[in-house]
Every structure is written in C-alpha cells, then in structure tokens.
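Each remark here refers to the structure printed beneath this line.
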Amino acid sequence: MRIQLPIVSVNNDSHHGGRAALTCRFRCGDACFHEVPNTTTNPYVGDVIADALSRRTVMRAAAVVTAATAVGASATVAAPKANAAEPAAATAATSTRHASRGARGLRFEPVAPNTADTVTVPDGYAQNVVIRWGEPILRGAPAFDPENQTAESQSKQFGYNNDFLALLPLPGERHRQVLVANHEYTDEVLMFRGYDAANPTKQQVEVAWAAHGLSAVVVEEDRRSGKLTPVPRHPLNRRVTATSEFKVTGPAAGSDLLKTSADPTGTKVLGTLNNCSGGVTPWGTTLHGEENFNQYFANATRATDKRYGLGTGATERKWERFDKRFDVSQEPNEPHRFGFVVELDPYDPTAKPRKRTALGRFKHEGATVRLTDDGRPVVYSGDDERFDYFYKFIGSKRMKKGSSRAVREHNLSLLDEGTLYVARLTGDSPAIEIDGSGKLPADGEFDGSGEWIPLATATAKGAVSHVEGMSAEEVFVFTRLAGDKVGATKMDRPEDIEPNPHTGKVYVALTNNSNRGVGANAKADEANPRNANKHGQILELTERWNRADSKKFAWTLFLVAGDPSDPATYFAGFPKDDVSPISCPDNVAFDSYGNLWISTDGNALGNHDGLFGVATRGDRRGELKQFLTMPNGAETCGPVIQDRRVLVAVQHPGEIDGATAEKPLSAWPDGAGKINRPAVVAVWRKDGCDIGV
C-alpha cells in the first residue's frame with residue numbers, strides 16, 4: 001500500500017515502543033502501520049518466554065514474584081528538567097549502597113528513570129560531546145552551516161543519526177583511536193528549515209544521500225579527563241555515503257537478481273542505506289547491517305518485495321523523483337542490492353567497502369563475530385521485524401594472524417565462504433499448557449532446545465542450496481523466504497546478538513512486538529513471551545559443548561523487560577526490588593568483566609531511553625542498573641564499553657511529533673533555539689578510575 005503519514009502519535013506498544021510517529025516515518029517507513037511481512041504459520045518465539053518467566057519466577061523465590069513497588073514507582077516519576085547545555089549528574093534511583101556493592105564493573109549509583117532533556121549520568125561521572133552531525137572531518141570540509149548545507153560539504157562532514165559505534169586501536173599514535181560510526185537515516189523535517197515533505201528539493205535529497213552511510217574519524221584522548229575530541233583531516237578519516245561505490249562479494253555477486261541498467265555485472269552498488277548496528281571482526285574490520293532499506297524504494301508490486309516490506313506507492317523522501325534506481329518499476333533489481341552486511345576496512349581509506357552476500361539479505365540489525373576453536377568466523381545477526389528470525393553464518397576458512405598485505409587480503413575473504421543457518425527453537429512443555437497468559441507449565445521449568453537449520457553453503461567453486469525449491473542465489477537474496485520454507489521460529493523483533501567473550505553464551509535482544517497473539521498473528525508457544533509485548537526480552541543461548549560451530553543449542557530466559565513491579569517481568573532470578581526498570585532492549589555489548597550492557601529504543605514506561613548494565617553470572621546475576629538516560633526524543637545507540645570510558649550515540653534528539661527545524665522540541669546538544677544534532681557522547685569517572693569498580 002502507499003505509505004501514509006500517521007496523524008496521531010504511535011501508541012506505547014507500537015513497533016518502536018513509545019516512539020513518536022516522526023520516528024516511524026523516517027527510520028522505518030511506518031513499518032508498524034503496515035501489514036506484518038511474515039504471514040507464515042511458523043512457531044513464534046515470543047510465546048515461549050512468558051510461560052518460562054512464570055515458572056522461574058515461582059521457582060527462584062517469592063520475592064521475585066511479589067516485587068516491591070519502590071523501583072516501579074520510580075519509573076513513572078520524571079526527574080526535574082535539566083538545562084540541555086549542561087552535563088547533569090544523576091539523581092539516585094535507589095540507595096547509595098548500589099555504588100559500593102554489586103558486580104565488578106557495575107558499582108555505580110543507578111540513574112533514576114526520568115524525562116530530562118539531557119544525557120544524565122551517575123554521580124561522580126563526567127561527559128563530553130565527542131562529535132556532532134556536520135562537524136568537518138575531511139580536508140576541505142567547511143564548518144557546519146545548517147542554512148547552507150550542500151551534498152559536497154556533507155560528504156566531508158560527520159553524518160547524521162549516528163547508530164553503531166566502534167573504537168579501534170591506532171598503533172603508533174599514542175592516545176589516539178579510530179572511531180567508526182553508522183549513519184542510519186535522515187530526519188529531513190528536523191534538518192532543513194522550510195522542508196516540504198511533498199516536494200523536497202534536489203539539494204535536500206542530495207544532502208540526505210551524503211548524510212547516510214558511515215564515518216571513520218580519528219579521536220584523541222585527554223588522559224587527564226577521559227575526554228575525546230576528533231582529529232580533523234587525519235589521513236584515516238573517511239566518509240562513505242549513499243552514492244559511494246561498493247563491491248559485491250560472495251555467492252550472489254554477479255547474479256542476475258542483482259544486475260541493473262547501471263551495473264550489468266551485478267557486482268557494483270552505489271551506497272549503503274539504513275545502517276543500524278554492527279560489529280568488529282577479530283581481523284580488525286567493522287561490519288555494518290543494512291536494516292530498513294525497504295522504505296527508500298517506490299512502486300513495488302512483487303510478492304518478494306512485499307515480504308521485505310516495500311511499498312506500492314511513493315516513498316516518504318521522494319528520492320525516486322531524482323534517481324530512477326529508487327523506483328522499482330524502472331529498476332526492479334535495485335532493492336535486491338540492499339539488506340546485506342557491509343564490511344569496512346577502517347585502516348585503508350582507499351579500499352572499497354564490500355557487501356557480503358553470504359551472510360544473507362534481510363533487515364540486519366547488525367553482525368557480531370566470534371571464532372571457532374580452529375579459527376573460523378561465526379557471525380550472528382538478527383532480522384529486525386515483527387515475527388522474523390535470527391541467523392548464524394559459519395565460515396569455512398580460517399583466519400590468519402599477522403599484518404602483511406597477503407594476510408589482510410586473506411582475512412578480507414573470510415565472510416564469502418561458509419554456510420548460512422536460521423534458528424528454530426523448541427519448548428519442552430506440551431503445547432496445550434501454553435495459552436499465552438503466562439500460566440506455569442506443569443514441568444515448572446523455563447528452557448528449551450534449538451537447532452540451526454542450514455539454508456545454503458557458499459564455496460570458492462560455487463554455492464549449494466539446502467532449501468527445497470530455491471536456488472542458492474535465491475536463498476542469499478531472498479533469505480526471509482528461505483527461513484519461511486524451513487520453518488524458522490518467529491521472534492519479537494530480533495535485534496542485536498552478542499556472544500559473551502568470557503562464557504561463550506549468546507544473548508539475543510528482542511525489542512518488542514505489540515502484534516503477538518493479536519488477530520491472525522502467531523499465537524503463544526514455549527519460546528516467546530507475553531501477548532501484546534510492549535517491553536521486549538533477552539534470550540540467552542548456550543551452544544552445544546560451548547562451540548561456536550555447533551548446530552544445536554539450549555535456550556533460556558535471561559530477562560523479560562518492563563516495570564519490576566509487574567509480575568510478568570523477570571531479571572534472571574535477581575530480586576526485583578533491587579533493579580532498574582527497563583523497556584525495549586535494542587543494542588548490547590560486553591565489558592571486560594563479562595557484564596551485559598543494554599541500550600534501549602522506544603521506552604514504553606513513559607521515560608527516556610537509556611543504557612543499562614546487568615551481571616550475567618555469579619550471585620548478582622540479573623542485577624540490572626541504569627547508567628545513563630537520553631535527551632528528549634533520542635534513542636540510545638552504540639554502545640562501546642571500555643575500562644575507563646563508555647561511548648554512546650545519541651540518535652535523533654528532538655524526534656518528537658510536531659517538531660521541525662524551526663520548532664525544535666529538544667535543546668540538546670547546543671541549547672535552546674539551536675537545531676538538533678545527533679552526536680556521540682563519552683562518559684568517564686571524574687576520579688580517573690575504571691568504570692564501575
């Protein structure tokens with residue numbers, strides 16, 4: 001159907017939780033207002049968790065079931081409004097005992113849930129804005145001027161809506177690192193004064209193309225404070241945009257499905273779109289997931305297009321008016337060239353980024369890597385859509401150690417050969433005992449088993465499909481359909497997936513799904529949680545024998561998000577009167593102690609999004625603390641957790657219904673009356689010690 005602009009705010013149980021309609025317009029093309037793309041009858045993983053939640057709640061302790069209301073009450077009380085131009089210290093969420101005890105790495109006083117228009121951090125911590133949208137990073141880049149932005153200037157400046165972040169070492173340059181950032185999408189109504197959504201200008205569209213993509217910029221550390229500042233014009237600084245040339249690699253490279261009039265070889269693509277999260281490889285490159293690419297393409301009519309959420313009419317941004325490749329009726333294969341994982345070599349600014357087709361095509365939230373015992377890469381990735389799946393790729397070639405050009409080229413080929421799998425989860429209770437209400441099954445346990453179902457294998461000599469009725473090329477280009485055919489398990493928007501470097505356990509962030517159990521949508525089974533799931537959950541997977549290349553795994557509930565006073569929430573068995581409320585987990589990362597850090601997107605509890613840390617093992621397993629909160633309208637992205645510093649991307653500040661460039665509804669980061677600018681923020685302890693110790 002033609003994308004229509006919503007005229008009311010999205011409900012708290014929408015596709016993005018409490019996110020505004022403005023976000024739905026520009027980030028995902030109103031995905032929450034469209035028919036669910038996955039109409040198969042595959043089992044739905046959200047249903048399994050609710051029952052498990054109830055079982056464990058009863059078994060662990062009565063205190064977990066009958067949660068005290070102290071923390072829950074704090075979730076509905078807004079903190080005093082803060083001056084956005086001043087970094088604010090936190091008000092304690094609970095007593096100061098939290099700062100002196102807790103899991104190592106999490107010994108800080110939790111930030112109270114709030115609606116302050118600032119980045120709120122714990123008492124004793126400081127922060128700085130590292131880099132903002134539009135700051136010059138390449139030679140010849142002009143200073144940011146929101147009234148006179150051009151594509152040429154934007155292509156040399158830091159991009160818009162920073163999401164995934166990576167901080168990489170820079171050998172030979174003391175106190176410097178390479179910061180790599182995704183730029184997911186653009187909010188034209190917040191970027192341009194006088195923007196007419198029905199009639200964008202060519203200049204505005206070209207600026208938006210240049211504001212998408214990736215940035216690499218060297219940053220320098222002030223050892224006295226922990227502050228980071230960019231190093232403009234450094235030789236490694238780089239911008240990749242929606243018009244940069246990419247190399248297509250792997251089993252779908254050269255396929256007829258990828259050929260266009262501009263690229264009859266099917267091996268060269270202009271640009272990358274809607275890069276959400278990502279990962280860092282053991283060989284020193286970064287991975288970037290192309291997520292909601294569907295919203296950029298107009299006039300789609302095929303069933304395969306519908307399965308990927310493409311619309312039949314004009315797009316929100318109207319890019320198809322200025323480049324025919326965004327009009328599916330003129331270039332039917334162009335959408336097939338997006339939805340992949342991109343690999344960037346941040347140490348070679350002349351190297352073309354590569355789209356890795358062996359990792360499949362879907363709405364990649366990101367891609368994270370661990371190695372098998374014999375050195376082969378394993379990549380985990382979630383498909384961020386209601387009722388869609390999560391995947392694993394097991395490479396067939398071993399990583400080589402060293403820094404020579406030959407070693408580098410070998411390692412840059414590792415993600416082109418191997419087997420792509422999709423997850424199927426099974427509960428251990430009779431289906432009749434699972435009614436979607438959270439009622440405890442008879443076995444009193446909450447766990448299950450799972451298997452990785454092979455979809456296709458790519459080799460140097462060719463590719464082989466493991467899906468009946470689909471060729472290998474079709475599997476790698478229409479991966480969602482392959483998952484449908486093999487009966488993969490439907491999930492509640494699988495987003496970031498991260499293996500714990502200390503334990504090998506894998507954590508899957510499932511953000512929310514308000515459609516679960518509604519109408520003809522998938523009903524409860526033992527692998528997914530609550531009906532009308534507003535707050536999301538996190539699954540913990542244990543690969544058989546703890547081997548990355550195992551084809552079997554066990555799964556269990558680690559966290560079911562929401563107000564701790566709600567009996568339907570669960571924090572790995574930790575007493576719920578001693579945790580922070582959390583809603584809509586999105587990106588995850590680990591610190592050096594093995595604690596899981598969780599950023600949120602679309603807090604449906606009435607407070608701003610934030611960053612949380614939670615212990616994954618020991619007697620404090622499940623103790624969750626809020627570390628920071630976002631300004632008005634912003635989402636927490638990134639994050640990067642170092643011993644002495646935490647980095648977050650403050651994405652889309654001021655993205656609130658009714659906001660415009662002329663009428664901003666946030667004063668962050670530059671004060672009242674200034675245009676909102678997405679930015680990267682660094683946080684450190686004022687005393688110079690490590691975070692949370």
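Throughout, numbering of the chain's residues begins at 1 and tracks the sequence. Scope of the values below: all heavy atoms of this structure, side chains included, with no hydrogens, waters or symmetry mates.
Within the 6.0 Å centre-distance limit, the rings of Phe590 and Tyr507 are counted as a close aromatic pair. Here the two rings, on Tyr593 and His502, have centers that are 6.0 Å apart or farther. Residues Phe340 and His364 place their aromatic rings such that the two centres sit no closer than 6.0 Å.
For the residue pair Pro494 and Met491, the shortest heavy atom distance occurs at CD-CB, 3.6 Å. Closest approach of Ala649 to Asn162, counting heavy atoms only: CB-O, 3.4 Å. Of all heavy-atom pairs spanning Asp416 and Pro251, the tightest one is O-CD, 4.0 Å. Taking each heavy atom of Ala252 and Phe476 in turn, the nearest pair found is CB-CB, 4.4 Å. What you find for Lys363 and Glu385 is that their closest heavy atoms are NZ-OE1, 2.8 Å. Across all non-hydrogen atoms, the minimal contact from Glu290 to Phe338 is OE1-CA, 3.4 Å.
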Margin query: Using the rule given for side-chain contact (heavy atoms from CB on, under 4.5 Å), can you reason through Met470 versus Lys485, listing the C-alpha separation, both sets of side-chain angles and the distance that settles it, and then say yes or no?
Written below: CA-CA 9 Å; Met470 295 184 73; Lys485 280 181 171 288; 3.6 Å; yes
Next item on the list: Before giving the answer on salt bridge (Lys or Arg N to Asp or Glu O under 4.0 Å), spell out for Asp384 and Arg493 the whole-Å C-alpha distance, their side-chain angles and the decisive distance to 0.1 Å.
Entry: CA-CA 5 Å; Asp384 183 10; Arg493 289 186 57 209; 2.8 Å; yes
Notebook entry, point to check: Could you walk me through whether Arg307 and Asp484 pass the salt bridge (Lys or Arg N to Asp or Glu O under 4.0 Å) check?
Noted result: CA-CA 10 Å; Arg307 182 64 181 89; Asp484 296 343; 2.8 Å; yes
Margin query: For a side-chain hydrogen bond (donor to acceptor under 3.5 Å, both in side chains) check, start with the C-alpha distance between Glu184 and Asn161, then their side-chain angles and the critical distance, and finish with the verdict.
Written below: CA-CA 6 Å; Glu184 186 176 6; Asn161 267 346; over 6 Å; no
Notebook entry, point to check: Between Val178 and Leu167, does a side-chain contact (heavy atoms from CB on, under 4.5 Å) hold up when you go through it step by step?
Noted result: CA-CA 6 Å; Val178 182; Leu167 267 179; over 6 Å; no
Notebook entry, point to check: Between Thr636 and Ser599, is a side-chain hydrogen bond (donor to acceptor under 3.5 Å, both in side chains) present by the stated rule, with each step listed?
Noted result: CA-CA 5 Å; Thr636 322; Ser599 64; 5.8 Å; no
Next item on the list: Decide yes or no on side-chain contact (heavy atoms from CB on, under 4.5 Å) for Thr368 and Leu287, but give the supporting numbers first.
Entry: CA-CA 8 Å; Thr368 57; Leu287 302 180; over 6 Å; no
Next item on the list: Check the pair Thr372 / Arg547 against side-chain hydrogen bond (donor to acceptor under 3.5 Å, both in side chains), numbers first and verdict last.
Entry: CA-CA 7 Å; Thr372 63; Arg547 290 174 57 100; over 6 Å; no
Next item on the list: Check step by step if side-chain contact (heavy atoms from CB on, under 4.5 Å) holds for Arg376 and Leu371.
Entry: CA-CA 5 Å; Arg376 292 173 292 121; Leu371 295 177; over 6 Å; no
Notebook entry, point to check: What do the steps show when you test Ser215 against Arg239 for side-chain hydrogen bond (donor to acceptor under 3.5 Å, both in side chains), and what is the final call?
Noted result: CA-CA 5 Å; Ser215 288; Arg239 278 302 323 282; 3.1 Å; yes
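Summarising the geometry, atom NZ belonging to Lys552 is positioned 6.0 Å from atom CZ belonging to Arg544; distances are rounded to the nearest 0.5 Å.
Ion pairing between a basic and an acidic side chain is recognised when a charged N comes within 4.0 Å of a carboxylate O; Arg644 and Glu221 show such pairing.
The aromatic rings of Tyr391 and Phe362 sit parallel, their planes meeting at an angle under 30°, below the 60° perpendicular limit. Taking the six-membered ring where tryptophan is involved, the planes of Phe390 and Phe553 are tilted, since the angle between them lies from 30° to 60°. Ring-plane geometry between His183 and Phe158 is classed as perpendicular, the angle between the planes exceeding 60 degrees on a 0 to 90 degree scale with a lower cut at 30.
For Glu220, the salt bridge (charged side-chain N to carboxylate O under 4.0 Å, His left out) partners are Arg176, not counting sequence neighbours. Qualifying side chain to side chain contact (heavy atoms under 4.5 Å, CB included) partners for Ser396, counting only residues two or more places apart in sequence or in other chains: Glu417. For Tyr421, there are no ring-ring contact (aromatic ring centres under 6.0 Å, His included) partners, not counting sequence neighbours.
Heavy atoms from other residues, nucleotides or ligands lying under 6.0 Å from CZ of Arg408 number more than 12. Counting non-hydrogen atoms of neighbouring residues, nucleotides and ligands closer than 6.0 angstrom, the NZ atom of Lys397 exceeds 12 such neighbours. Within 6.0 Å of NZ in Lys400 there are 12 or fewer heavy atoms belonging to other residues, nucleotides or ligands.
A donor-acceptor pair under 3.5 Å links the side-chain atoms of Trp555 to the main chain of Thr426, judged by distance alone. With hydrogens and angles ignored, the 3.5 Å screen pairs a side-chain donor or acceptor of Thr479 with a backbone N or O of Arg361. Here the side chain of Asn587 pairs no donor or acceptor atom with the backbone of Asp496 at under 3.5 angstrom. Counting only distance, with no hydrogens or angles, the side chain of Thr272 and the backbone of Gly213 share no donor-acceptor pair below 3.5 Å. No donor-acceptor pair closer than 3.5 Å links the side chain of Arg238 to the backbone N or O of Leu214. A distance-only check finds no donor-acceptor pair linking the side chain of Ser277 to the backbone of Gly366 [under 3.5 Å]. No donor-acceptor pair closer than 3.5 Å links the side chain of Asn275 to the backbone N or O of Glu291. Within the 3.5 Å criterion, the main-chain N or O of Val342 finds no donor-acceptor partner in the side chain of His288. Remark: the backbone N or O of Pro377 is not paired with any side-chain donor or acceptor of Arg370 at under 3.5 angstrom. Proximity of a side-chain donor or acceptor of Thr285 to a complementary backbone N or O of Glu343 within less than 3.5 Å is not detected.
Donor-acceptor pairing under 3.5 Å is recorded for the side chains of Trp452 and Glu543. Side chain to side chain, Thr600 and Asp586 fail the donor-acceptor criterion of an N or O pair below 3.5 Å.
Among Val217, Val648, Val640, Ile131, the one residue that satisfies the side chain to side chain contact (heavy atoms under 4.5 Å, CB included) test with Val680 is Ile131. The salt bridge (charged side-chain N to carboxylate O under 4.0 Å, His left out) with Glu451 is formed by just one residue from the set Lys551, Lys392, Arg424; it is Arg424.
No side-chain heavy atom of Asp591 sits less than 4.5 Å from a side-chain heavy atom of Leu596.
In this structure, Arg480 forms a cation-pi arrangement with Tyr308, its terminal cationic atom sitting closer than 6.0 Å to the ring centre and no more than 45° off the ring axis.
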